[in-house]
Number of protein chains: 2
Amino acid sequence: MKQSKMFIPTLREVPNDAESKSHQLLLKAGMIKQIASGVYSYLPIAKRVLNKIEAIVREEMEAIDGVEILMPALQPSELWQESGRWPSYGAELMRMTDRHGREFALGPTHEEIITSLVRDELKSYKKLPVTLFQIQNKFRDEKRPRFGLLRGREFIMKDAYSFHATEESLDETYQDMYQAYSNIYNRVGLKFRPVIADSGAIGGSHTHEFMALAEIGEDTIAYTEGSDYAANIEKAEVVYTPNVQYSAETALEKIHTPGVKTAQQLADLLGKRLDEIVKSMIIKVDDRFVMFLIRGHHELNDVKVKSFFSTEVVEMATEAEIEGIMNAKPGSLGPVGVTKIDIYADNAVQDINNLAVGANETDYHYINANAGRDFKVKTYGDFRFILEGEEAADGSGPVKFAEGIEVGQVFKLGTKYSEAMKATFLNEQGKAQPMIMGCYGIGVSRTLSAVIEQHHDDNGIIWPKSITPFDIHVISVNPKQEAQRLLADQLYTDFSKNYQVLYDDRQERAGVKFNDADLIGVPLRIVVGKQAADEIVEVKVRQTGESFEVPVSELATKIETLYQDLA
Amino acid sequence: MKQSKMFIPTLREVPNDAESKSHQLLLKAGMIKQIASGVYSYLPIAKRVLNKIEAIVREEMEAIDGVEILMPALQPSELWQESGRWPSYGAELMRMTDRHGREFALGPTHEEIITSLVRDELKSYKKLPVTLFQIQNKFRDEKRPRFGLLRGREFIMKDAYSFHATEESLDETYQDMYQAYSNIYNRVGLKFRPVIADSGAIGGSHTHEFMALAEIGEDTIAYTEGSDYAANIEKAEVVYTPNVQYSAETALEKIHTPGVKTAQQLADLLGKRLDEIVKSMIIKVDDRFVMFLIRGHHELNDVKVKSFFSTEVVEMATEAEIEGIMNAKPGSLGPVGVTKIDIYADNAVQDINNLAVGANETDYHYINANAGRDFKVKTYGDFRFILEGEEAADGSGPVKFAEGIEVGQVFKLGTKYSEAMKATFLNEQGKAQPMIMGCYGIGVSRTLSAVIEQHHDDNGIIWPKSITPFDIHVISVNPKQEAQRLLADQLYTDFSKNYQVLYDDRQERAGVKFNDADLIGVPLRIVVGKQAADEIVEVKVRQTGESFEVPVSELATKIETLYQDLA
């Protein structure tokens, strides 16, 4: 394809508001352009790469009997009422009203539509299992869109849904999907880890996220080197092994602690370590309030709290709410004398006694507070984030942390939607049962970004062979020189027979052309310059930085060898 | 692909509300399912056909240097304000408001987005021309969605936009597009005609529609057999050749015509032919009223009236409006004595005199009314629909009429958007000029419907080879018979190497399988039945109805020959 006919508006400057490397490079390489906050156009280079990613996704889905369909973006609110998500999905659900006053959602996901599609048709166990997938633009009204394509409001997803008569059948498809996802990410050149994840608002019980490792990951992964264990830290289980450090119980004592608001300040004042202090916090769970106790060096994990209470609605209480309940201000909270609300504590709180805690009175704390004697803990549990170096839940050794970008997720949905929407089938005994469902998503435009996060240098993108927009970039350094132009024309025509070739035929300075070529990152470059008259060109390999002077007579063989060797 | 894993919910009954043949067959063959009025899911068979149509469109676009991009569905209202279309587009534009209160359109077309995309980048004549295209779901809030995919509210379009420095360059791309569109429709197997069309709300001057001929066409085409002349009748020019039929002028006379409301009634009363009567009507053009005179056998063409007045807003005056202006009721209108509003007349009105017209008084008409003496015509012009048999505008003979479905349109937009949105480039003299634009649409989901309108029989769809969902349908009549099942399995595996094969492996009655196969309409069918034990199968050709008994040893050759011969 001739570059003069393409539309690749490269930039020289890094745009100010581009926070991530992929966002910067997508803009600099002229691949995307913002239309509104979190809403982008994909320009020709990006579209070519997306088409290749989509082709790989399609192949792997079809290899496990996935069947492609296409559902609409417009989703009638009635279906979301049936599933119960119309009121609960919140501000991220984009909504619109048609000319007749009927309400629609712009699909962020398609559980409701697909369930309504199959419920009238798959009425017998004989017709199950079925796996359907689509590749499509999705809509989510992110509060703060950022990182370019990584957190946008209109984005490309592959979503798949499977329907089963038995749990075993779901297990099988789940495993197939897990493998297909691994194949897809390997094929597009991503370093990734499947991690145990939280099932969140979508419902369901068992789920893995596929995390591409990256500097700017929005998620942290806890993994070990001793096994394939990996979990989103939101979900990484802390196995409680008692590590008791008790001293003799002494009398509860209220002390004056002027200006002390934080656990660290209290530890400093008392000459203790941070982990010897216990933090108290008031949490709003649905419509009631509870207190949580956590050791000073730990952090409360709200995903675990949500999971413990089986709710989506968990928030820190506001200052006003705290004053209303505790008659005290944040910074001086503690469990002593608290009876109006339940107290929960992280397991590790059991390991120490004679605790320093807030006295529910500004500038006062207790020391030597003890559970049982001075306050009552309703339940101890795993309510905190794991720390780097703690033992992994599978016993495979200490966890390490890595940053990751979620590029996909596989879910066992179970019967959440089929029960709510009455999607039943007759089993072998002729009895109506709700279908058992799985759902499986891949962020296609996110995957594009994640690949760039992992494949670039200071000069631009370095495409993996599998999804490169072009195989070869032919550059005529100075098309005004007839020898260069004719040779470049010839090479473009010849190599186009076996490769996808981008041909820089523009009347631009050599420096501009080379800069653009580095930015765009095509793996093999043939530079037709001054030696064109002698039938010699330069070949550069973007992935390795190597370059060669090659006589035109040997060029086809050289390119073939280099192409074979590309990653 | 095994039919047991697919999702093809065929129907036995014709759905009541399916008005067109394609709508009925899309539903019966299990290809689409309605989600809301005018909003459909494309099921596996439909998606496979769409993918093939899209691949053909992509190839033909790329062959004329079209470059693929993908713009978002969400379009900020600011851009539509710039073009002026936010207020003028009306209720068909779907609109939504995001969580921050910003307004968006769901794109029915992308002139605003594409113009904003290129205006900062294509600043020199050296970078022009450029042609960009995309394939994408579009949104239009049709007042009355109908005919299934033919008039939906969310539908698949290929839209392309070209940018030029000169009119000549636009002409060239317009011709290329015209040819590419012809190639596309030929390749998907459509009988079609490119017709001269109205440019309507999108603006621009020169445009052709591509009409697929069909029984239920929403448009009528006037064409001739003497040339490639074809025009939408909205636009088909009537060349005025005087055909004067004057009699001696006689005195104006008011006559009593009790109960006469229509031209036909008046003709009957007077013992005249319908074409000897002149109809008068009051039309609202923007905010003013005018009278139109048309001969009794002709119909006023509002597209021509809009074009004459260069406006989009032309309506029949209401009864109340007519009474307000004329002090008379519809059914007795006429030009005699009318001075408050302008009178326009169709050219053919000049051919007769001593006219019978309304007297602006209920139950009274004039006879022997004459222009000049009794009323004043401001302008004669071409304001009516052409009649079948009248001479075509290119002089190639009498026009015939045919019904058509609009499957595509090519437009010379000119500078309407580039001027409004300040998309300028520097020409060779360094002077800023608005870019000259073209735009080009193909209704992809409409094309799918149009193909079915043209390719079916009473039993179902008959796919053209180029876009068939599968090449071969292998049917095992009774999979419980081991010989049948094993042979069918074997043929499925073997033929899948060179063809796209659908394999009916379902435990269903033979009648169900054959019915479904006819509905789905795969071109070649291999039926593995009772003769499987003797290594004999039946081959059926859907397009011709032929069937053959073929020994398995000769099957590959037979299929190859039949496949070559398919249309």
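Remember, it's a predicted structure, so these values are computed and weren't measured experimentally. Per chain, numbering begins at 1; letters A, B, ... match sequence-line order. Because only heavy atoms are used, hydrogens play no part in the values below, and waters and symmetry mates are left out as well, while side chains stay in.
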(request) Return the option, out of Met6(B), Met94(B), Glu121(B), with the maximum number of heavy-atom pairs under 4.5 Å with chain A. (result) Glu121(B)
(message) Going by the rule side-chain hydrogen bond (donor to acceptor under 3.5 Å, both in side chains), which residues pair with Arg506(B) if we only count those two or more places apart in sequence or in a different chain?
(response) Asp504(B), Asp516(B)
(request) Look at Gln507(B), Lys143(B), Arg95(B) and state which one has the largest set of heavy-atom pairs under 4.5 Å with chain A. (result) Lys143(B)
(request) Tell me, for Leu70(A) versus chain B, whether the close heavy atoms (under 4.5 Å) come from the side chain, the backbone, both or neither. (result) both
(message) Applying the side chain to side chain contact (heavy atoms under 4.5 Å, CB included) criterion to Asp65(B), which one of Lys5(A), Lys2(A), Met1(A) satisfies it?
(response) Lys5(A)
(request) Could you please state which residues from residues 41-53 of chain A sit under 4.5 angstrom from chain B, measuring non-hydrogen atom to non-hydrogen atom, sorted by number, or 'none'? (result) Ser41(A), Tyr42(A), Leu43(A), Pro44(A), Lys47(A), Asn51(A)
(request) Could you tell me which portion of Glu92(A) (side chain, backbone, both or neither) has an atom closer than 4.5 angstrom to a non-hydrogen atom of chain B? (result) both
(request) Could you tell me which of Val130(B), Thr131(B), Leu128(B), Val118(B) has the largest number of non-hydrogen atom pairs under 4.5 Å with chain A? (result) Val118(B)
(request) Please flag which part of Gln3(A) lies under 4.5 Å from any non-hydrogen atom of chain B: side chain, backbone, both or neither. (result) neither
(message) Test side chain to side chain contact (heavy atoms under 4.5 Å, CB included) on Phe104(A) and Glu154(B); report intermediate values, then the result.
(response) CA-CA 12 Å; Phe104(A) 288 83; Glu154(B) 179 171 351; over 6 Å; no
(message) For Phe7(B) and Val67(A): C-alpha separation, side-chain torsions, deciding distance, then whether side chain to side chain contact (heavy atoms under 4.5 Å, CB included) applies.
(response) CA-CA 8 Å; Phe7(B) 180 61; Val67(A) 182; 5.7 Å; no
(request) Count the heavy-atom pairs under 4.5 Å between each of Ser116(B), Ser4(B), Ala73(B) and chain A, then report the option with the highest count. (result) Ala73(B)
(message) For Asn137(A), which atoms come within 4.5 Å of any heavy atom of chain B: side chain, backbone, both, or neither?
(response) side chain
(message) Less than 4.5 Å to any heavy atom of chain B: does that hold for the side chain of Ile114(A), its backbone, both, or neither?
(response) neither
(message) If you count heavy-atom pairs within less than 4.5 Å of chain A, which of Glu62(B), Glu68(B), Gln134(B), His100(B) leads?
(response) Glu68(B)
